[in-house]
Amino acid sequence: MVERFLKKTHFESVEDYNKNLEFIIPEHFNFAYDVMDAWAAEEPERLALLWTNDEGVERRATFAQLKEQSDQAASYLQSLGIGKGDPVMLILKRRYEWWLTMLALHKLGAIVIPATHMLTKKDIIYRNTRASVKAIVCVDDPYVMSQVEAAMPASLTVEVLVKVEAESHETHETQETHETQETHLPLWHSWQKEWLAAPAFKRPAFVNNNDDTMLMYFTSGTSGEPKMVAHDFLYAMGHLTTGVFWHNLHPGSLHLTVADTGWGKAVWGKFYGQWFAGATVFVFDHEKFNADTLLRQMEKYKVTSFCAPPTIYRFMIREDLSRYDLSSLEYCCTAGEALNPAVFDKLKEKTGLNIMEGFGQTETTMTLGTFPWMKPKPGSMGIPNAQYNIGLVRADGTPCEDGEKGEIVVRVGDKKPIGLFKEYYRDEEKTREAWHDGLYHTGDMAWRDEDGYYWFEGRIDDVIKSSGYRIGPFEVESALMTHPAVVECAITGVPDDVRGMVVKATVVLGKEWKDKAGDDLVKELQQHVKKVTAPYKYPRIVEFVDELPKTISGKIRRVEIRKKDSGK
């Protein structure tokens, strides 16, 4: 499959990859037809999806079965009036139907808007209004459906509501009433009762151009209202390098990425790139994360490839990994946040496996990564992915030297790279702020070593200026994470009359350390940081908390800590 879309499919070195990566781009590329249906025609019995949940239900689907099921789902959505260009929001947790609906909407040329199940009424109204959402397909969950229903009076573009019932428990009772001017509550359609009754699917005569909008994600909102990131149909092809090269997948791989389907990491690790590679996507549908339960699933199903954010690894390495048979595991990756070297070292010690780090944003596919033909450097994001022209620039836009901190940018020039977003939908001002003078500005700070490896420093807004020094929070967080007491931490700056700002550490302690929280432990952590990194970077203020403020995607909201400390 890969050879259809790349002029060269195997690379021996960084130099080989950088010189010879070249895409073959069809005129009207559509992932559902050109990749998934092509697999179904060529290798119909190959296992594409292995899904299980925390109640013991299991479903397996070959590529042929996924084609049949996604065709049926496309026909069903067609019968509800969904077609080309229609924005459809999916709030499906990790339900099996998410994969069918994603493929079905691609086949129709509709616009998919994945969303997390943790959205409130206010969040849903914001998204419905900003994107003119026409339909919502959501889990039959009391909380989710109540928030959707509460949002309807202010969501006048929504015409269709579909609930996807669970296979293993009673469905949520809802009042099924036709839309009225007073309530604007469209009829709730039942996926399980209706979708199989739809007629045979007929592919539309015209589905899409490559630059049509295929997918929209709302950003995590770490520093303000979420932006609406619009991706075209070539975005899916941009993830070929994610699955085939960064995840190092091949036919026969069983890959697990830990991610909510409402966030971009799901299509990074549970959809496009993995199926380009012909791998099997493994899904564990669970309500609450538990490291032991996850490890048992990996053991039971013999997962070969694993990707998760650093937070998940932090909890996993606190388990006794000798209790689990992870002999099937061949490869580990991480993205979503910067990886602390201490976590890398601990997993390597316990399993012998490296964690291959990658970096990207909602606006991109993987822009930096550690590839199989490279030696990883713990704590480094790796090197630029050859499908992007990556650089580091100073505040005035001039290029940085090796060892100098600057902003990560994508040099766009006259041709948008495959995988880079189209725009912030309906927000020209935000688009111009991030994308101007031939550069897309990521807003993330890093430095580059003499071997071309990039090292994360933090968001531009998170960098602390203290007594003339610029201190990146990640380096201090990494130093703190090497202390056995620390499970999670966030470094922020606190205004100071003398130094301008001082470094503050907000720390979550391990259970066995909570009763030791006090001045002695504060001094111990401060001395620890002084030994691990430059002494001037140590946190002059340390606060112990039970949990860190996070976005609904799980990213730390340092802006919230700063606001609390400034009294705003």
Side-chain angles (χ1 to χ4, degrees), residues 29-37 66 69-78 80-117 119 124 127-128 130-139 148 157-162 164 191 195 201 204 207-219 226-239 259-275 281 362-363 365 419 421-426 553:
F29 176 73
N30 185 299
F31 177 81
Y33 294 117
D34 296 331
V35 177
M36 297 304 290
D37 284 6
L66 273 188
Q69 293 168 11
S70 61
D71 280 351
Q72 188 64 32
S75 176
Y76 174 50
L77 294 170
Q78 261 183 336
L80 299 178
I82 305 302
K84 176 175 167 51
D86 287 335
V88 180
M89 189 188 300
L90 306 184
I91 313 176
L92 287 170
K93 297 186 179 180
R94 294 177 179 86
R95 291 297 307 279
Y96 181 86
E97 287 79 7
W98 183 82
W99 282 262
L100 302 186
T101 310
M102 286 283 292
L103 292 171
L105 291 170
H106 288 350
K107 288 182 173 183
L108 296 175
I111 300 171
V112 189
I113 306 175
T116 175
H117 61 280
L119 297 180
I124 294 170
R127 284 157 174 76
N128 288 342
R130 294 282 293 132
S132 298
V133 169
K134 181 175 181 178
I136 300 175
V137 182
C138 74
V139 289
V148 171
T157 63
V158 178
E159 300 175 12
V160 178
L161 297 177
V162 180
V164 177
W191 178 287
W195 81 294
F201 175 60
V207 181
N208 64 276
N209 290 313
N210 286 341
D211 60 356
D212 287 342
T213 300
M214 174 190 75
L215 178 72
M216 290 200 295
Y217 276 108
F218 283 81
T219 59
K227 298 185 288 288
M228 192 163 38
V229 180
H231 285 291
D232 58 29
F233 276 80
L234 289 181
Y235 171 77
M237 187 182 290
H239 276 301
D260 185 292
T261 59
W263 299 105
K265 191 66 170 64
V267 294
W268 276 54
K270 305 160 90 76
F271 205 73
Y272 298 124
Q274 294 65 44
W275 282 334
V281 172
T362 307
E363 291 87 346
T365 58
F421 77 128
K422 290 177 60 176
E423 62 185 347
Y424 293 122
Y425 188 59
R426 295 178 174 173
S553 66

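For reference, positions follow the sequence shown, starting with 1.
The side-chain hydrogen bond (donor to acceptor under 3.5 Å, both in side chains) check on Lys422 picks up Thr213, with sequence neighbours excluded. Residues that satisfy the side chain to side chain contact (heavy atoms under 4.5 Å, CB included) test with Asp211, not counting sequence neighbours, are Asn209. In this structure, the side chain to side chain contact (heavy atoms under 4.5 Å, CB included) partners of Ala73, at least two apart in sequence or on a different chain, are Leu100, Ala104, Trp191, Trp195. Listed by chain and number, the residues in a side-chain hydrogen bond (donor to acceptor under 3.5 Å, both in side chains) with Gln78 amount to none (sequence neighbours excluded). Residues meeting the side chain to side chain contact (heavy atoms under 4.5 Å, CB included) test with Ala236, sequence neighbours left out: Phe29, Phe31, Met214, Tyr272. Listed by chain and number, the residues in a side chain to side chain contact (heavy atoms under 4.5 Å, CB included) with Thr157 are Ser132 (sequence neighbours excluded). With sequence neighbours excluded, the residues satisfying salt bridge (Lys or Arg N to Asp or Glu O under 4.0 Å) with Lys93 are Asp141, Glu287. Evaluation of the salt bridge (Lys or Arg N to Asp or Glu O under 4.0 Å) rule for Lys134 yields Asp86 as partners, not counting sequence neighbours. Scanning for ring-ring contact (aromatic ring centres under 6.0 Å, His included) contacts around His239 gives Tyr235, Trp268, with sequence neighbours left out. With sequence neighbours left out, Asp71 forms a side-chain hydrogen bond (donor to acceptor under 3.5 Å, both in side chains) with Lys67, Lys107. Take Tyr424 and apply the side-chain hydrogen bond (donor to acceptor under 3.5 Å, both in side chains) test, not counting sequence neighbours, and it matches Glu363.
Looking at Ile136, Val164, Ile113 one by one, the single match for side-chain contact (heavy atoms from CB on, under 4.5 Å) with Ile91 turns out to be Ile136.
A donor and an acceptor atom, one from each side chain of His117 and Asp260, are located under 3.5 Å apart.
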